[in-house]
Amino acid sequence: MFISADTLDDALRQAFTRLLSSKSRTSSGKGLAREIVGAILKIRNPRARFSRTENRAVLFSCLGETLWYLSGSNSLDHITYYIKKYRELSGAKKGARLASGGYGPRIFGTANKSQMNAAIQLIRRKLADPDGKSDTRQAVIQIYDKLDLFKNSSDVPCTCTLQFLPRSGRLHMVVHMRSNDAYIGLPHDVFAFTFMQEIVARDVGLELGTYTHSVGSLHLYDQDERRARDFLAEGWQSRTEMPAMPIGDPWPAIDWLRVNEEAIRKGRLSPLEADGVDPYWVDLARLLRIFALINAKNRRGIVEEQKAMHSGAYASFIRRKAQALTAASDEPQKGLPGIIDGGSNKLVAVP
Ligand SMILES: O=c1ccn([C@H]2C[C@H](O)[C@@H](COP(=O)(O)O)O2)c(=O)[nH]1
């Protein structure tokens, strides 16, 4: 099956439509599902990586999971803050503290054994080729490992490889997954990998190219069928896209965001400076703050936070989330997170 789409929402619409009419059924320890064997989804605008529709509004968990990968951690406590059902979904063993199939350590490893770093260096070397032979087919990051086949675990990475292809000033990406759950996994995976694509493109100074997602088993669990039908019935899958990542080396800002992410997740609200950090990244920190405020049912704080956002791209998404909180929980509760001072870009705790 080949799907060609401008946006993630459009790719989801086409994938759900095909899956819901698929007669092919699969049964695994993780449930009954409809399945397509061999699927390729090509997304022309990788910045259109989050769904704006009502029941697929998963921006916070997508962002949280992406930052979990970028932190190089596979701590289950970290990811379950964003995706409560992660243990169950990943097949992690009861009582486990680490996700053995987590992508972060596999992609980023240790400082001198980072596949991400090595792939970037390879692309950089090619781009500097004096004869202009800058195309490469070798910038591949391996996630699924041959040793995974010998493990008796149900937490095995679903993603096999990430490949970056610099071509004519643009950076394309091709990802192969052995297994992908279309309803929950797919939007999260596309978000994370297209975000990494943009990071690498910025790092090596190329424009963003296309994103191609190849899957061995693309499936829709029976338990998600109704929600997939609801998604299609909404009928207004949009063209929402994230703003462009600022040009230049993105890693200092990513480090800044990771420090903020950890502080917000742990409820530590000591002031953090954002001077000199591009509003693109500050907005992402604000989204993380909004997620904490939603958990704290602090509607007023969310409104303040939204007012301070630089980009309007996330506005309708946040508004819907805020509306879902009842007026009864308007007042922040004692000891719960405060707001970000919009004027100074400083994260401050509200007394
Ligand atoms: O990044 C991921 C990780 C997992 N899954 C889904 C695919 C399967 O539904 C399930 C893993 O089950 P197995 O393929 O390992 O049986 O989790 C994804 O969609 N994306």
Side-chain angles (χ1 to χ4, degrees), residues 1 3 8 11-12 15-16 18-19 22 24-41 43 49-51 56 58 61-70 73-74 76 78-80 82-93 96 98-108 141-163 173-197 211-225 227-228 231:
M1 179 191 73
I3 283 175
L8 168 67
L12 289 179
F16 291 170
R18 306 256 193 123
L19 278 160
S22 167
S24 176
R25 311 269 300 153
T26 177
S27 140
S28 72
K30 287 168 183 150
L32 289 167
R34 292 179 192 269
E35 181 183 54
I36 290 170
V37 172
I40 294 183
L41 292 80
I43 299 176
R49 63 173 70 96
F50 75 95
S51 177
R56 281 287 59 208
V58 288
S61 53
C62 287
L63 180 61
E65 187 180 48
T66 302
L67 290 171
W68 182 56
Y69 296 151
L70 287 166
S73 157
N74 59 358
L76 282 164
H78 182 157
I79 190 59
T80 49
Y82 295 105
I83 304 175
K84 288 199 177 54
K85 286 166 93 183
Y86 190 90
R87 279 174 186 278
E88 184 188 324
L89 292 170
S90 68
K93 286 207 175 81
L98 300 176
S100 65
Y103 301 166
R106 295 182 189 231
I107 298 173
F108 296 96
I141 291 175
Q142 172 197 351
I143 298 182
Y144 179 88
D145 187 273
K146 66 180 179 213
L147 296 178
D148 287 316
L149 193 55
F150 298 92
K151 277 196 310 198
N152 184 19
S153 160
S154 48
D155 183 8
V156 173
C158 291
T159 307
C160 302
T161 52
L162 314 178
Q163 182 179 10
M173 186 179 196
V174 177
V175 168
H176 180 66
M177 301 194 64
R178 62 170 183 83
S179 165
N180 205 188
D181 152 23
Y183 191 76
I184 295 183
L186 177 60
H188 284 84
D189 293 316
V190 169
F191 184 96
F193 299 142
T194 56
F195 198 77
M196 288 184 204
Q197 179 184 6
Y211 173 80
T212 303
H213 193 79
S214 142
V215 185
S217 161
L218 181 66
H219 46 269
L220 178 66
Y221 288 112
D222 288 2
Q223 68 199 35
D224 296 324
E225 267 194 21
R227 293 192 293 168
F231 170 90

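Both counts, for ligands and for their atoms, begin at 1 and track the order of listing.
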Below 4.0 angstrom from a heavy atom of [X], which ligand 1 atoms are there? Numbered from 1 as shown, please.
X      : result
Arg178 : 13 (P), 14 (O), 15 (O)
Met177 : 1 (O), 2 (C), 20 (N)
Tyr221 : 8 (C), 9 (O), 10 (C)

Query raised in the report: Between Asp145 and Gln142, which heavy-atom pair has the shortest distance, and what is it?
Result: CA-NE2, 3.4 Å
Report task. Taking all heavy atoms of Ser179 and all of His219, pick out the closest pair and write down the distance. Result -> OG-CE1, 3.2 Å
Shortest protein heavy-atom distance from [atom], along with the residue and atom involved:
atom                    : result
atom 14 (O) of ligand 1 : Ser179 OG, 2.8 Å
atom 20 (N) of ligand 1 : Asp189 OD2, 2.8 Å
atom 3 (C) of ligand 1  : Cys158 SG, 3.2 Å
atom 1 (O) of ligand 1  : Tyr103 OH, 2.6 Å
atom 11 (C) of ligand 1 : Lys30 NZ, 3.5 Å

Query raised in the report: Less than 4.5 Å apart, any side-chain heavy atom of Phe231 and any of Phe16?
Result: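 Contact flag for Phe231/Phe16 side chains = yes.
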Report task. Fit a plane to each ring of Phe193 and Tyr103, take the angle between them on a 0 to 90° scale, and name the class: parallel (under 30°), tilted (30 to 60°) or perpendicular (over 60°). Result ->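 Parallel.
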Query raised in the report: Under 3.5 Å, is there a donor-acceptor pair between the Thr161 and His176 side chains?
Result: no
Query raised in the report: Where does His188 meet ligand 1, judged by heavy-atom distances below 4.0 Å: at the side chain, the backbone, both, or neither?
Result: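 Near ligand 1, His188 shows nothing, with every heavy atom at 4.0 Å or more.
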Requested in this report: Using a 4.0 Å heavy-atom cut-off, say whether Ser28 meets ligand 1 through its side chain, its backbone, both or neither.
Outcome: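 Within the 4.0 Å criterion, Ser28 makes no contact with ligand 1.
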Query raised in the report: Quick check, are the ring centers of Phe108 and Tyr69 under 6.0 angstrom apart?
Result: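 When the ring centroids of Phe108 and Tyr69 are compared, they turn out to be at least 6.0 Å apart.
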